[in-house]
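First comes the structure, then the notes that go with it.
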Amino acid sequence: DQIGDAAKKLGDASYDFAKEVDWNNGVFLQAPGSFQPLKALKAIDKMIEMGAAADPELLKKAADAHHKAIGSISGPNGVTSRADWDAVNAALGRVVASVPKQKVMDVYDAVKDITDPKVPAYMKSLVNGADAEKAYQGFLEFKDVVAANQVTTASAAATVPTGDKIGTAAKALSDASYPFIKDIDWLSDIYLKPLPGKTAPETLKAIDKMIVMGSKMDGNLLKAAAEAHHKAIGSIDATGVTSPEDYEAVNAALGRIVASVPKQTVMDVYNSMAKIVDPSVTNNMFSKVNPLDALSAAKGFYTFKDVVEAVQ
Ligand code: CLA
Ligand code: PID
Ligand code: PID
Ligand code: PID
Ligand code: PID
Ligand code: PID
Ligand code: PID
């Protein structure tokens, strides 16, 4: 297709730059400017809306392309192979083309809003500037091909199951865990801190397992889960906490996407996360909330997971 061909040209223009970026640099975990959690949540919300509007099949293919690319990483900078670099660009170009232009521009504008204007120049200073310029020229040509292949109307909303066992169980889980949710400091910057003692390649392994799980999920249910998050963001209070109803809808939606993949795929995520999250991190989280509320939430979760497993 045209986007695939254009991605090869983009690769010619941008792979030198890709090789020069230090993908293992911890700087990419930081906010791209001053820390503004509610504004950042708005930017994430725009990404969620874009993801919910995207063609689920193309999203899966993009997840697969990333998984494959993680498998061909080499060298100290963590760069993937030229072929996989092109394949990721092509897959993302097709995802972008599957949503109306405005949804893409909304992400761009919201990200710009939380990005210090000095950040792009700083990023450029870490690589060969001429190669960055070349990559950007390549991107400008690529985007015209994407625009020429772009849909103009948004896809239909997801179908949300009703009266299912997971929906019923989500009510009990949410009642048991909403006090815990209210105890959590959602506006803290602690969630942007590096995991103690872990390197980027180690962390990427766990993310890879999530990518694999995402790619196996039922596309309609994943879309519904994204829509539930978007709705929940719309009802947050000043501390970032969503309404009980929207929280319940998020739990139901996440339970359904978990049930749509094999148990082992879920356990692969859990086990890989357990390898990189030191118990001190979990204990620290626990120390900041009312312990009874956390235990009630945990009890609710362990009951919920049996319902999920039964329909998995
Ligand atoms: Mg989420 C999970 C935040 C968007 C899909 N997500 C999580 C949690 C964290 C979070 C609260 C990971 C850390 C953790 O496990 O804490 N997500 C979060 C934010 C946003 C977002 C702030 C921003 C909008 N997510 C989002 C989107 C999607 C997902 C758009 C795609 C549709 N997210 C997703 C999945 C999962 C998460 C599939 C998880 O599996 C993970 C999670 O919650 O695992 C348990 C602990 C969790 C909480 C504090 C909240 C849930 C409370 C539960 C139901 C009960 C508590 C149990 C117990 C006390 C603690 C966990 C024990 C552990 C051993 C499992
Ligand atoms: C400017 C001035 C003009 C010239 C110009 C110009 C530039 C415009 C630009 C630009 C626009 C632009 C857009 C970019 C957009 C990037 C979008 C990224 C989206 C990320 C997402 C992430 C996610 C996920 C995911 C799916 C999940 C949800 C999420 C489900 C259902 C200014 C040059 C034209 C770069 C969507 C993918 C996992 C949130 O106009 O004169 O330069 O760049 O998890 O959804 O699972
Ligand atoms: C524009 C203007 C509108 C019209 C429009 C428009 C276009 C927007 C577009 C577009 C946005 C867009 C985004 C693309 C992004 C591509 C990103 C590629 C990333 C590849 C990576 C590969 C890799 C790895 C990996 C992880 C490793 C690092 C690597 C570590 C820690 C402008 C059409 C709407 C194409 C990251 C995955 C293995 C490098 O908005 O008018 O057209 O395209 O090895 O990580 O090692
Ligand atoms: C300039 C002037 C214009 C021309 C121009 C120009 C240049 C702009 C530039 C540039 C922008 C730019 C951006 C770059 C972005 C790279 C992003 C990389 C992200 C990597 C990540 C990696 C990671 C992980 C991971 C998970 C870990 C955290 C991490 C935990 C909990 C100035 C040329 C357009 C290079 C996210 C995945 C392992 C961080 O605009 O005239 O030149 O470069 O380790 O999670 O640990
Ligand atoms: C233990 C001991 C027994 C008792 C027990 C026990 C506990 C087991 C547990 C537990 C397992 C467990 C699993 C959890 C799994 C969480 C999985 C999260 C996945 C996140 C993903 C994120 C993503 C995306 C997304 C889609 C994108 C890709 C991504 C596309 C196509 C130890 C109690 C049984 C919590 C997948 C969603 C946006 C990466 O067994 O004695 O306690 O918890 O962007 O994909 O866009
Ligand atoms: C288990 C054992 C295996 C069998 C199995 C199994 C089950 C795994 C499961 C499962 C995992 C799982 C995960 C669930 C996670 C739910 C998370 C809910 C999060 C809700 C949020 C709501 C909100 C917001 C929001 C953003 C705001 C904050 C809030 C800010 C900054 C165990 C079946 C495989 C259900 C985050 C979105 C508005 C609070 O593996 O043997 O069954 O379920 O307002 O952010 O303000
Ligand atoms: C313990 C002992 C057992 C019993 C038990 C127990 C407790 C475990 C616990 C607990 C785990 C736990 C986890 C918590 C996790 C909270 C995660 C919140 C994530 C929030 C995010 C918010 C954000 C943003 C956002 C984007 C911004 C950055 C942020 C930028 C660029 C010990 C009870 C099981 C509470 C990610 C989205 C706005 C950070 O196990 O016997 O008690 O709690 O602002 O992006 O700015």
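Keep in mind that what you see is a predicted model, and the values were worked out from it rather than measured. Just follow the structure's listing: the first ligand is 1, and inside any ligand the first atom is 1.
At the shortest separation from atom 51 (C) of ligand 1 among protein heavy atoms lies Tyr247 OH, 4.3 Å. The nearest heavy-atom contact from the protein to atom 1 (Mg) of ligand 1 is His229 NE2, 4.2 Å. If you check which protein heavy atom lies closest to atom 32 (C) of ligand 1, you get Ala225 CB, 3.6 Å. Distance from atom 62 (C) of ligand 1 to its nearest protein heavy atom, with residue and atom name: Tyr302 OH, 4.6 Å. The nearest heavy-atom contact from the protein to atom 23 (C) of ligand 1 is Leu41 CD1, 4.0 Å. In terms of protein heavy-atom proximity, atom 33 (N) of ligand 1 is nearest to Leu254 CD1, 4.1 Å. The protein heavy atom nearest to atom 50 (C) of ligand 1 is Ile181 CD1, 4.0 Å.
Counting non-hydrogen atoms of neighbouring residues, nucleotides and ligands closer than 6.0 angstrom, the NZ atom of Lys60 exceeds 12 such neighbours. Few gaps surround CD on Gln36; more than 12 heavy atoms of other groups in view lie less than 6.0 Å from it.
Counting atoms of ligand 7 from 1 in the listed order, those under 4.0 Å from a heavy atom of Phe35 are 44 (O). Atoms of ligand 1 found under 4.0 Å from any heavy atom of Ala226 (numbered from 1 in listed order, with element): 32 (C). Of all atoms in ligand 1, numbered sequentially from 1 with element shown, those under 4.0 Å from a heavy atom of Ile184 are 49 (C). Residue Ala40 has at least one heavy-atom neighbour below 4.0 Å for each of these atoms of ligand 7: 27 (C), 30 (C), 45 (O), 46 (O). Listed by atom number, the atoms of ligand 1 under 4.0 Å from Asn251 heavy atoms are 54 (C). Applying the 4.0 Å criterion to heavy atoms of Asn283 picks out, from ligand 7, the atoms 32 (C). Near Ile48, meaning under 4.0 Å from any of its heavy atoms, are these atoms of ligand 1: 24 (C), 30 (C). Interface atoms of ligand 7 facing Ser188, defined by a heavy-atom separation under 4.0 Å, are 39 (C).
Heavy atoms of Phe304 come nearer than 4.0 angstrom to ligand 1 in no pair at all. Taking 4.0 Å as the cut-off, Tyr191 does not count as a neighbour of ligand 1 on heavy-atom distance. Distances from ligand 1 to the non-hydrogen atoms of Tyr178 include no value under 4.0 Å.
Distance check, rounded to the nearest 0.5 Å: CD1 of Ile44 to CD1 of Ile114 gives 7.0 Å. If you take CZ on Phe286 and CG on Asp293, they are separated by 10.0 Å, rounding to the nearest 0.5 Å. Annotation: the span from Ile233 atom CD1 to Glu49 atom CD amounts to 8.5 Å, rounded to 0.5 Å. For the atom pair Lys275 NZ and Thr203 OG1, the distance stands at 13.0 Å (nearest 0.5 Å). Distance check, rounded to the nearest 0.5 Å: CG of Asp113 to OH of Tyr108 gives 12.0 Å. Phe17 contributes atom CZ, which lies 7.0 Å from atom CH2 of Trp85 (distance to the nearest 0.5 angstrom).
Within 4.0 Å of ligand 3, counting heavy atoms only, the contacting residues are Trp23, Asn24, His66, Ala69, Ile70, Ile73, Gly78, Val79, Thr80, Trp85, Val88, Asn89, Leu92, Val96, Lys101, Val104, Phe139, Phe142, Lys143, Val146, Ala147, Gln150, Leu204.
Taking 4.0 Å as the cut-off between side-chain N and carboxylate O, Asp86 and Arg82 count as a salt-bridged pair. Remark: Asp55 does not engage Arg94 in a salt bridge, criterion side-chain N to carboxylate O under 4.0 Å. Here Asp64 does not pair with Lys61 in a salt bridge; the nearest charged N to carboxylate O distance is not below 4.0 Å. Between Lys288 and Asp185, none of the side-chain N atoms (NZ, or NE/NH1/NH2) sits under 4.0 Å from a carboxylate O, so this pair counts as no salt bridge.
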### Task
Check the pair Asp12, Lys8 against side-chain contact (heavy atoms from CB on, under 4.5 Å), reporting the backbone distance first and the verdict last.
CA-CA 6 Å; Asp12 291 338; Lys8 291 209 172 65; 5.5 Å; no
### Message
I'd like to know whether Lys143 forms a side-chain contact (heavy atoms from CB on, under 4.5 Å) with Val96, so could you lay out the CA-CA distance, the side-chain angles of the two residues, the decisive distance to 0.1 Å, and finally the verdict.
### Response
CA-CA 9 Å; Lys143 70 113 172 60; Val96 171; over 6 Å; no
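Using a 3.5 Å distance cut-off with no hydrogens or angles, the side chains of Ser155 and Lys223 do pair a donor with an acceptor. Between the side chains of Glu20 and Asn128, no donor-acceptor pair is found at a separation under 3.5 Å. Under 3.5 Å, the side chains of Tyr247 and Ser177 contain a donor-acceptor pair of N or O atoms. No side-chain N or O of Thr80 forms a donor-acceptor pair with one of Trp23 less than 3.5 Å apart.
Within a 4.0 Å radius of atom 39 (C) of ligand 1, the protein contributes no non-hydrogen atoms. For atom 26 (C) of ligand 1, a protein heavy-atom neighbour is found at a distance under 4.0 Å. For atom 60 (C) of ligand 1, no protein heavy-atom neighbour is found at a distance under 4.0 Å. Within a 4.0 Å radius of atom 7 (C) of ligand 1, the protein has no heavy atom. Distance screen at 4.0 Å: atom 43 (O) of ligand 1 has no protein heavy-atom neighbour inside the cut-off. In this structure, atom 29 (C) of ligand 1 has protein heavy atoms in its sub-4.0 angstrom surroundings. Protein heavy atoms all stay at least 4.0 Å away from atom 13 (C) of ligand 1. Of the protein's heavy atoms, none falls inside 4.0 Å of atom 47 (C) of ligand 1.
Compare Ala253, Ala298, Ala170, Gly300 by their heavy atoms: the one nearest to atom 58 (C) of ligand 1 is in Ala298. Considering each of Ile233, Val277, Asp183, the one bringing a non-hydrogen atom nearest atom 24 (C) of ligand 1 is Ile233. Compare Trp186, Phe180, Phe301, Phe286 by their heavy atoms: the one nearest to atom 11 (C) of ligand 1 is in Trp186.
Contact annotation for Pro291 and ligand 7: no heavy atom of the residue comes within less than 4.0 Å of the ligand. When heavy-atom distances to ligand 1 are checked against a 4.0 Å cut-off, Ala294 comes that close only through its backbone atoms N, CA, C and O.
Leu59 belongs to a hydrophobic cluster with Leu58, Val95, counting contacts under 4.5 Å between side-chain heavy atoms of Ile, Leu, Val, Met, Phe, Trp and Tyr, direct or through other members.
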